[in-house]
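Numbering of ligands and ligand atoms starts at 1, following listing order. Not measured: the values here are computed from a predicted model.
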Amino acid sequence: MRFADRMSLLGTETAFEVLVKARALEATGKDVVHLEIGEPDFDTPRHVIEAAKEALDQGYTHYGPSAGLPELREAIAQDVARQRGTTVQASQVVVTPGGKPIMFFVIMALAQPGDEVIYPNPGFPIYESVIRFVGATPVPMPLREEKHFSLDVNELRDLVTERTRLIILNSPQNPTGGILPQADLQAIAEIAVQHGIPVLSDEIYSRMVYDGEFHSITTCDGMQELGIILDGFSKTYAMTGWRLGYGVMPEELAVHVTRLMTNSNSCTSTFSQRAALAALTGPQEPVEAMMAEFRRRRDIFVEGLNTIPGVRCAMPGGAFYAFPNVSQISQSSKELADYLLQTGGVASLAGVDFGVYGEGYLRFSYANSQANLRKALERIADCVDQLGHR
Ligand code: PLP
């Protein structure tokens, strides 16, 4: 078979590869604590599961409109408006199988060869992968530990050229857990408006903020015409396997993204969409309980990491990731992640898997029980103890 050149441009998400490696190791009898994959370990709330069953019984087993069921688009518009304090029309909403397709479709719709897209680094690896895939040039925007993993607005200003077609933001952020402060969002919005550059704001962790309110750049002045929200049900409602996400965008872009849906998926599973409706309109206590537990785990895990010589971990403000600095240890982040898995039985991801500025860090997902997190901490400490320091 001869493959199209563009296939060599497509990257991947290492979490899925490490998961396979960790499972293979488990099959040999080794005990592994899984801190590699970014998904809540909680069950989908019961009433959401019941709504899906009911939908199946009611006959939601057929195609639906490509942009999503009208009642779900309306509920999403209302929820996004309520959560962010803005106004949203249902016509701006496109429902997709997970939040990831919004990334793919929006980059596909806005960028082409010769264009530049600014994206966070370290950041979710799919941004860079898709930017390359469509033939555009990825322009990394460094996120630095000394700035609590937010970006330097002056640095961003310098990265903008007349060829910049899109700026991607992610807050709360994967892999660092960092949050973009409201003042920075305002400054970024001013840059975007001045140059007329759309901003794809990946807000998949918007309900996972530990202190204070969540702020969306889309509420800043002038962003109504340029702001694109990516959000979904995977993280907030522990529904990763259901494949349910959405984008909220100016109508003219929604038309293109909907056409991309028609050309690829036809539509998102209709009974899943009915369950999503129940998630949005039903009780929110399960979300609050999950976040309370994530906070306890964050505190235990980050405190534990900071007691290990050679490891320094900033307190994440959101999501469920810890991103410790391990640059004092004399291994690359990939070698260290591999050593922790093979020797210690702790699966994590190398910081460099999130981009060049992630070297010197590891990413742990603390979506695991407190007992397992404590076990992992002991194992990490033992492993690090056996390694040399710089
Ligand atoms: N955006 C970020 C930053 C993520 O970390 C993830 C998943 O890990 C997604 C988007 C995609 O989520 P979904 O499962 O809804 O496709």
Self-check item: Parallel, tilted or perpendicular: rings of Tyr366 and Phe301 (30°, 60°)
Solution: tilted

Quiz item: What part of Glu39, side chain, backbone, both or neither, has a heavy atom within less than 4.0 angstrom of ligand 1?
Solution: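 The answer is neither.
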
Self-check item: ligand 1 versus Arg243: contacting region, heavy-atom distance under 4.0 Å
Solution: side chain

Practice problem: Using a cut-off of 6.0 Å, state whether more than 12 heavy atoms not belonging to Gln342 lie near its atom CD. | Solution: yes

Self-check item: Close approach, Thr240 and ligand 1, non-hydrogen under 4.0 angstrom
Solution: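 For ligand 1, residue contact (heavy atoms, under 4.0 Å) with Thr240 is absent.
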
Quiz prompt | Sub-4.0 Å heavy-atom contact, Tyr205 with ligand 1 | solution = yes

Would you mind listing which atoms of ligand 1 come within a distance below 4.0 Å of any non-hydrogen atom of [X]?
X      : value
Gly99  : 13 (P), 15 (O), 16 (O)
Asn170 : 3 (C)
Asp202 : 1 (N), 2 (C), 3 (C), 10 (C)
Lys235 : 6 (C), 7 (C), 8 (O)
Gly98  : 15 (O), 16 (O)
Met103 : 1 (N), 10 (C)

Are [X] and [Y] close enough that some pair of their side-chain heavy atoms sits under 4.5 Å apart?
X      : Y      : answer
Leu151 : Pro120 : no
Phe323 : Gln173 : no
Leu377 : Leu305 : yes

Self-check item: Which residue and heavy atom of the protein sit nearest atom 6 (C) of ligand 1, plus the separation
Solution: Phe124 CZ, 3.6 Å

Quiz item: Which protein heavy atom lies closest to atom 12 (O) of ligand 1, and at what distance to 0.1 Å?
Solution: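 For atom 12 (O) of ligand 1, the nearest protein heavy atom is Ile204 CD1, 4.0 Å.
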
Can you tell me if [X] and [Y] form a side-chain donor-acceptor pair at under 3.5 Å?
X      : Y      : value
Thr161 : Glu116 : yes
Glu190 : Gln194 : no
Arg207 : Gln284 : yes

Self-check item: Closest heavy-atom pair and its distance - Phe149, Gly178
Solution: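 It is CB-CA, 4.4 Å.
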
Looking only at distance, does [X] have an N or O less than 3.5 Å from an N or O of ligand 1?
X      : value
Tyr321 : no
Glu13  : no
Ser234 : yes

Practice problem: Mind checking the CG-CZ spacing from Asp353 to Arg363? Nearest 0.5 Å is all I need. | Solution: 9.5 Å

